[in-house]
Amino acid sequence: MSDLLRGLNPEQLAAVTLPPQHALILAGAGSGKTRVLTTRIAWLISTGQASPQSVLAVTFTNKAAKEMLTRLSSMLPINTRGMWIGTFHGLCNRLLRAHHRDAALPQLFQILDSADQLSAVKRLLKSLNVDDEKFPPRELCHFINAQKEAGLRPSAVEAWDDYTRKRVELYEAYEAQCQKEGVVDFAELLLRSYELLSRNEPLRRHYQERFRHILVDEFQDTNRLQYSWLRQLAGGQANGPHPPNPRPTTGFAQPVGSGGAEQCSANSHLHPGEGGGYSEAPRGACIFAVGDDDQSIYAFRGADVGNMRDFEREFKVANVIRLEQNYRSHGNILDAANAIIKHNARRLGKNLWTEAGSGEPIRVFEAWSDLDEARWIVEEVKALSRDGHARAEMALLYRSNAQSRVLEHALFAAGLPYRVYGGLRFFERQEIKHALAYLRLIANAGDDTAFARVVNFPTRGIGARSLELLQDAARAGGGSLMAAIPQVAGKGGASLAKFAELVGKLREAAHLPLPELIEHVVELSGLRAHYQTEKEGQDRLANLDELVNAGANFIAEEGAVGEEGELSADLAAFLAHASLEAGEHQAGEGDDALQLMTVHSAKGLEFNVVFISGLEEGLFPHENAILEADGLEEERRLMYVAVTRARQRLYLSHAQTRMLHGQTRYNLPSRFLEEVPAGLLKWLTPRVAKGGFAVSPVPALCVPSGTFSGMPRRSETTGSGWRIGQSVRHAKFGEGVVINLEGSGQDARAQINFGAAGMKWLALSVAKLEAA
DNA sequence: TTTTGAGTCCTTTTT
DNA sequence: GGACTCAAAA
């Protein structure tokens, strides 16, 4: 046991060995957060304070969950298989599968990922004849998810205007559709299991008594629903009763649907007299939450840092431990990170320090264009590589996925091995989704989303007309699309009947072992034949083969659970796996390749060398974020996360011009560059003035075409009709003053001070300016 | 019914 | 520059 604790610093040790009480660990970047979490579990188990079955540990990503499991099994000689360690969504899925009857779900309910949800909503709007211009499907998805995450069923949503009323109506219709089809979206997984527990007292008691220790990773990223879910599961509070004090905008205060105020009534059960002098040991678990408010970067999708404060208050958390010693980065990098995050007002407060030396300065590069930036990065990586740095230990980070293309292009051209994380995942590829849709129809013939996806793919003469007729028939009969097929006569009816026959044949094969079943489906559905004739189909065929492999691997890893029966439980488990874990694994995992990813997906990782590219106003911080409340602070936290990924060397770069949605844009350097103390920076390119550009390698463009000889003065460059000092008006930014002009012809651009709307470089060929 | 071409929006970030 | 939608043509 003492082996477990060896090497922990005093704060880490204190956290790991806390008595069984609620605790909040504020763990800065690189402070050994995961280690503390896993060691805590190992310590609880190895000292006999907890059995493996009484521990529940929850994370956000599958990667983190897996990491926790491997670390744990290396520390303890136990089988982690049956332990409740996983993502929120994974654990909820498990709960709902186990109690599908109580949750009013079919045994083989399917999980919709975001893309599935979107197409389900589109289908709904079409069937209800709702104008999707007025109610954009994306926006509606967002609305529905937001309501669910606030714990609000349609009946509980307050709607004050017609527009919202209509949206609520659509929300209700969407729910009915999902229920009928036996499908569940991501938010529903959580809300459904929350409601399951709150309405079913015996079940709730069962789990509250079972789980004595609940450990939460990345607590700052929890949304209100997840927090309520945890609160529910934790039951009574060991450190005192819980005041019913939820936020006003959520449904957790009021009755949710029919079984609402359980939260409070449950607590009054547990604490009959105020504060409870009861001899009975308090039922329920201790929550051990680990988080870092400075790394909260998911507010945009409902994460609420306020949960940290609420947790502290509502659970009367007596143990708040700060882990501030950083074991990852050199001093200069840490100083930069601290300096940046200091600009945020709303913080719990924390300052990282390290015993490592200050290390190298942070290198900054100003590129003329995004292409230029990419080429520079290639050269730099090559040089580092020659000096013996492993490419796999270098990461290239960017704000949004769209930026990766230019970078990939340059890397590819240079023959530098690289690997991109994120982007299109394996289970999100169209050929895979098609094959999965057939599998879903085998598991659940009522899955209309899957039906609509493949009924005419590969094409088999079932067009929009036939589908429309079918939809009408289904609505009249109240059944699924599949069930309505016999009711449709005529030409389309024959093709549909053939499709039903096909699915019937596939179902007969459902008893086959999973990989063989997949193979069978790919063959019989005509997918293979279709991609064989398609020109670009080779990759897709390879992916379909890979899907068969994935099925085999899944069985090998998870173990076959399927009994002999008509429908294999393996299939359902595999489909859930495909939705919940979009499949990070890619070819070339083990290769020594440069790592490319967004800043978001870099969270939790670390590298010897880190490049942060595209540090420009409008890009990072992103222009959409600047307008949102607290958006800028979230961007800054994102920057903080990016910087703290680096161990030894950090590069920052920005480009003066960049192609974005097909247009050349001129961006100012990111304000985050200014926020790093100049003393920590080493500019690799000359810098002229603060806020301006360095000597531009703007080549011949500067030579004015129709002017006199001699040095062109900037203010005369273009003959564009604008002059420095002139007042102008822009449709979006309002009134401003021209303060600089550069380039000529197509490339002419002007720097304009728009006052409140900020300083902008605008391309004169693009921007519509008028004299003011 | 299917294919093709033009036009539109997009773009944060993920389970 | 790409994914997606919608209209017209085959």
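Here the structure is a predicted model, which is why all the values come from computation and not from measurement. Naming convention: chains lettered A, B, ... in sequence-line order (proteins, then strands); numbering from 1 in each chain.
In terms of the side chain to side chain donor-acceptor pair (under 3.5 Å) criterion, A/Thr87 has no residue partners (sequence neighbours excluded). Not counting sequence neighbours, the partners of A/Arg440 by the salt bridge (charged side-chain N to carboxylate O under 4.0 Å, His left out) test are A/Asp116, A/Asp447. Here A/Lys498 pairs with nothing under the salt bridge (charged side-chain N to carboxylate O under 4.0 Å, His left out) rule; sequence neighbours left out. Residues passing the side chain to side chain donor-acceptor pair (under 3.5 Å) test with A/Tyr171: none are found, sequence neighbours excluded. With sequence neighbours excluded, the residues forming a side chain to side chain donor-acceptor pair (under 3.5 Å) with A/Arg347 are A/Asp294, listed by chain and number. Under the rule for a ring pair (Phe, Tyr, Trp, His ring centres under 6.0 Å), the partners of A/His600 that lie at least two apart in sequence or sit in another chain are A/Tyr298, A/Phe300. A/Thr657 is linked by a side chain to side chain donor-acceptor pair (under 3.5 Å) to nothing, counting only residues two or more places apart in sequence or in another chain. Listed by chain and residue number, A/Arg658 satisfy the salt bridge (charged side-chain N to carboxylate O under 4.0 Å, His left out) test with A/Glu373 (two or more places apart in sequence, or in another chain).
Aromatic ring pairs are classed by plane angle as parallel below 30°, tilted from 30° to 60° and perpendicular above 60°; the pair A/Tyr651 and A/Phe611 is parallel.
For DNA chain B, the residues of residues 89-97 of chain A within the heavy-atom distance limit of 4.0 Å (strictly under) are A/His89, sorted by number.
Within the nucleic acid shown, A/Ser114 comes within 4.0 Å of at least one base atom, counting heavy atoms only. Using a 4.0 Å heavy-atom cutoff across all strands shown, A/Arg637 reaches no nucleic acid atom at all. Residue A/Phe60 is classed as a sugar-phosphate contact, given heavy-atom separations below 4.0 Å to backbone atoms only.
Ring centroid separation for the pair A/Phe499 and A/Phe451 comes in under the 6.0 Å cut-off. A distance of 6.0 Å or more separates the ring centres of A/His343 and A/Phe672.
Across the protein-nucleic acid pair, A/Glu616 atom CD and B/dT11 atom P stand 20 Å apart, rounded to whole Å. Distance, A/Asn624 CG to B/dT11 C1': 7 Å, rounded to whole Å. Between the C1' atom of B/dT15 and the NZ atom of A/Lys603 lies a distance of 13 Å, rounded to the nearest Å. In this entry the distance linking CZ of A/Phe88 with P of B/dT15 reads 14 Å, nearest Å. Look at CD on A/Glu139: it is 16 Å from C1' on B/dC10, rounded to the nearest Å. Between the P atom of B/dC10 and the CZ atom of A/Arg138 lies a distance of 9 Å, rounded to the nearest Å. Nucleotide B/dT15 holds its P atom 18 Å from the CG atom of A/Leu118, rounded to whole Å. Between A/His600 atom NE2 and B/dT15 atom P there is a gap of 11 Å when expressed in whole angstrom units.
The phosphate of B/dT14 (OP1 or OP2) has a side-chain N or O of A/Thr598 nearer than 4.0 angstrom.
Residues A/Arg301 and A/His622 each lie close to DNA chain B; by heavy-atom proximity, the contact nearer the 5' end of the strand is made by A/His622. Take the nearest nucleotide of DNA chain B for A/Ala402 and for A/Ser579: the residue whose nucleotide is more 5' is A/Ala402.
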Just the atom pairs and distances: protein N or O near nucleotides 3-6 of chain C's N or O, under 3.5 Å.
unit_1	atom_1	unit_2	atom_2	d
C/dT5	OP1	A/Lys122	NZ	3.0

Under 3.5 Å, which N/O atoms of the protein pair with N/O atoms of nucleotides 2-7 of chain B?
unit_1	atom_1	unit_2	atom_2	d
B/dT2	OP1	A/Gly461	N	3.0
B/dT2	OP2	A/Asn456	ND2	3.3

- Please report the C-alpha distance between A/Arg528 and A/Glu431 in whole Å, then the side-chain angles of each, then the deciding distance to 0.1 Å, and finally whether the salt bridge (charged side-chain N to carboxylate O under 4.0 Å, His left out) criterion is met. CA-CA 10 Å; A/Arg528 184 179 301 279; A/Glu431 62 275 19; over 6 Å; no
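An aromatic stack links A/Phe300 and the base of B/dT13, using centre distance under 5.5 Å and interplanar angle under 30°.
Within a 6.0 Å sphere centred on CZ of A/Phe412, heavy atoms belonging to other residues, nucleotides or ligands number 12 at most.
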- Strand DNA chain B as a dot-bracket string - pairs counted if Watson-Crick or G-U with both distances under 3.5 Å, | where the partner lies in another strand: ||||||||||.....
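Among the nucleotides B/dT13, C/dG2, B/dT15, the one closest to the side chain of A/Phe186 is B/dT15.
Between C/dC4 and B/dT13, the two P atoms lie 15 Å apart (nearest whole Å).
Seen from the ring of A/Phe109, A/Arg97 counts as a face-on cation partner, given the 6.0 Å and 45° thresholds.
Put simply, the side chain of A/Ser466 and the base of B/dT1 share no donor and acceptor less than 3.5 Å apart.
Contact of the A/Gln179 side chain with the A/Glu175 side chain is not registered, since no non-hydrogen atoms from C-beta on lie closer than 4.5 Å.
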